[in-house]
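What follows is a set of notes on a single structure, which appears directly below.
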Amino acid sequence: MKTLSKLEKILESGKFAVTSECGPPRGVNPDVIRKKAELLRDAVDAINVTDNQTSVVRMSSIASCIILKQMGLEPIMQMVTRDRNRIAIQSDILGAAAHGINNMLCLSGDHQRFGDHQKAKNVYDLDSVQLIQTVRHMRDEGKFLSGEPLDGVPGMFIGAAENPFADPFEIRVPRVSKKISAGVEFIQTQCVYNLEKFEQWMDGIRARGLHKKVYILAGVTPFKSVGMARYMKTKVPGMDVPDELIERLKSVAKEKQADEGIALCIETIERLKKIEGVSGIHIMAIEWEEKVREIAEKSGLLPRPKV
Amino acid sequence: MPCTGKVDVIHMLRAFEAGVDGVYLVGCEEGNCHFLVGNLRARKRVERVKKILSSIGLESERLQMYNLSAGEGTRFVEIAKEMTEKIKNLGPSAIKLKKEKLENPA
Amino acid sequence: MIIGEGKPIQEILAMIADKKKILVVGCKGCVTVCSAGGQKEVEILSSTIRLAREKEDNPIEIREETLERQCDPEYLEQMRSYIDDYEAVVSLACGAGVQFTAEKYRRIPVYPGINTNFIGVTVEQGVWSERCQACGSCILHKTGGICPIARCSKSLLNGPCGGSSKGKCEIDPDVECGWQLIYDRLRELESLELFEEVVPIKDWSTGRDGGPRRIIREDLKS
């Protein structure tokens, strides 16, 4: 055990992990995030807190993580390299560690073109792979990037994202290997809809033995409607939604589509659980946190282990 | 001009600077340029000058490009009439009026 | 070369609104090749300004010149004999040329007539594209001759990100994914092992982030 992370404990003990996520509010009210997080209590092991996702300004991930921590929950602080240079990154890592945050997800972040501040200048002093290196260096070497020693070390369990459905497909396994070389300990994937392609990717992961070097949590997102499925397919970059899923949602009455979306999500989890090398599930119910417990329950993921 | 392809942006602008009310370029039929793309280039330059004229508040209709073959005398007459009519409707160019005022102060 | 494009005419007209006698100066370097600031563009801009001012009943006198380069002192010197006759200069050089002109002639204002965009190439007649961001520490030998800093929208050194789709960047289906290009090229060169090397955290101090840069060559200095 390298950290005090509950997520690390669960994964290290060989148990199947479940995580979910919360998007912070577009305002100053902490009750918004408290309400969302409360819905996830005991339904998941740890909760990702997004960092200005899709480049839309929200309450900071670090502040929201502190709120979760105060509630006795286990946050995974997402951090993008889009908005901070290495000075701010290291400083925020120290601050998060001081507040007892033990998990971090290292991301490059969506380009600001998608957000509400398209005229912004992006930073990208580091990329996501280098962010992994940075946290690892601070934690294991006890040093800043400058080489100067730091007082105490941030006990972060280090994660990253990977999108098995982005192009070019051939590099999606090598890219995981690259992140492992940089020091990543867990991977949360993009939402899996195309199971065949995901299995193909996992074959590649196992062929290189990477599943033994990193914990892979497969991402799922339930569809609320056929409209959402179509939007994900056509508008969200790097998303692979097979036509038959859209057909299936279309085949049921509009008021039943949400239930069908949940059913579909549960079936997906059932299949993901059986794939060798998948160590957990990451349920991203976008603005639908109240459904996470039901999904976890019906997928046989409850109760969550006490560690 | 040996070809409309030889007409440059500045030639058209200078004509307007000199105070003309309208300019039209007559090139060969598209696809029949002796120099292959001379008339196509001319059309692009005409478009650029039209944009310039609009950007400073002058009527872009004062500039036109036509394509016809050397054998089409009657069509040429029609075009000349059409253009004259158009310019008459637009009235004298603002540049010409200012120039006249400058040369013959009341 | 340095690629630029003409500023909107209304922006230029606003700069010179109170001037009666100006100098429009082009540059025969990069901006001539990309048709933004050479002799032709000097003529067109000057003519447009005269037309606009004539129309407003506020004529302006313009001298048109095009220097060999505006980034070398010896060519700028050529304006010494007449520049004092004018109230302002509109320079059609890149940002470097505009500034150098202003540095050499301090009595009158020097205005930019073009926007300087990037260091790039002529893809075809009328189409230019960015290739280099002058970071001061070239890594093209590791990336198949394709620069991730200039070509990836996030300047990722270990790309591509999850937004690469069918060879295109997530920001725009018309933008090629720089890392897809790198991958394709490394494969052609049978050097895919380079892809798995983690590119270390970059020293950006050789770039703009180290402050205005200077190169001094003692062997060439007078």
Side-chain angles (χ1 to χ4, degrees), chain A residues 54-55 80-82 85-86 89 107-114 118 122-134 137 145-146 160-184 189-191 208 219 234-240, chain C residues 133 135 139 142-144 146-188 190-210:
Chain A
T54 63
S55 296
V80 301
T81 60
R82 176 191 63 222
N85 68 7
R86 65 191 76 180
I89 283 172
L107 307 165
S108 63
D110 294 312
H111 194 273
Q112 70 272 16
R113 178 76 63 92
F114 295 100
Q118 302 191 355
N122 62 35
V123 180
Y124 293 118
D125 181 17
L126 310 180
D127 62 25
S128 58
V129 175
Q130 295 165 341
L131 177 57
I132 295 167
Q133 282 184 313
T134 302
H137 180 74
L145 289 176
S146 62
E162 186 49 45
N163 182 2
F165 312 102
D167 292 317
F169 180 70
E170 315 84 271
I171 59 100
R172 293 295 152 185
V173 171
R175 209 169 140 68
V176 172
S177 162
K178 204 166 171 174
K179 287 184 175 177
I180 292 169
S181 321
V184 81
T189 77
Q190 177 67 283
C191 328
R208 290 181 60 166
T234 55
K235 296 281 188 300
V236 182
M239 200 68 83
D240 185 346
Chain C
Q133 289 196 349
C135 74
I139 54 161
K142 293 202 167 185
T143 54
I146 292 152
C147 177
I149 296 163
R151 307 292 290 278
C152 165
S153 303
K154 300 179 185 173
S155 294
L156 302 181
L157 293 171
N158 294 283
C161 73
S164 177
S165 182
K166 300 185 177 71
K168 304 296 178 188
C169 172
E170 64 178 18
I171 68 157
D172 188 332
D174 290 333
V175 175
E176 285 174 300
C177 167
W179 273 97
Q180 172 82 53
L181 298 174
I182 292 171
Y183 170 77
D184 291 344
R185 181 89 170 113
L186 288 177
R187 197 181 45 189
E188 279 165 22
E190 294 176 10
S191 304
L192 275 179
E193 72 284 356
L194 285 172
F195 178 82
E196 289 207 33
E197 263 179 42
V198 175
V199 178
I201 292 173
K202 189 171 168 68
D203 174 1
W204 293 105
S205 71
T206 56
R208 227 302 297 165
D209 300 85

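Quick note on labels: first sequence line is chain A, next is B, and so on, each numbered from 1.
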> So which of C:Gly163, C:Ser153, C:Gly167 has the largest heavy-atom pair count under 4.5 angstrom toward chain A?
Replying inline: C:Ser153
>> Test salt bridge (Lys or Arg N to Asp or Glu O under 4.0 Å) on A:Lys178 and A:Glu162; report intermediate values, then the result.
In response: CA-CA 11 Å; A:Lys178 204 166 171 174; A:Glu162 186 49 45; over 6 Å; no
> Is it true that A:Asp125 and A:Arg86 have a side-chain N and a carboxylate O under 4.0 angstrom from each other?
Replying inline: yes
>> Between A:Ser55 and A:Arg113, does the side-chain hydrogen bond (donor to acceptor under 3.5 Å, both in side chains) criterion hold? Intermediate values first, please.
In response: CA-CA 8 Å; A:Ser55 296; A:Arg113 178 76 63 92; over 6 Å; no
> Roughly how far apart are A:Thr134 OG1 and A:Leu126 CG, rounded to 0.5 Å?
Replying inline: 4.5 Å
> Measuring heavy-atom distances to chain C, does A:Leu107 have an atom under 4.5 Å in its side chain, in its backbone, in both, or in neither?
Replying inline: neither
>> Heavy-atom cut-off 4.5 Å, strictly under: side chain, backbone, both or neither for A:Gln133 against chain C?
In response: side chain
> For C:Tyr183, is it the side chain, the backbone, both, or neither that has a heavy atom closer than 4.5 Å to a heavy atom of chain A?
Replying inline: side chain
> Is it the backbone or the side chain of A:Arg172 that comes under 4.5 Å from a heavy atom of chain C, or both, or neither?
Replying inline: side chain
> Is it true that the side chains of A:Ser177 and A:Arg208 contain a donor and an acceptor less than 3.5 Å apart?
Replying inline: yes
>> Need one label for A:Asn163: side chain, backbone, both or neither, based on atoms under 4.5 Å from any heavy atom in chain C.
In response: side chain
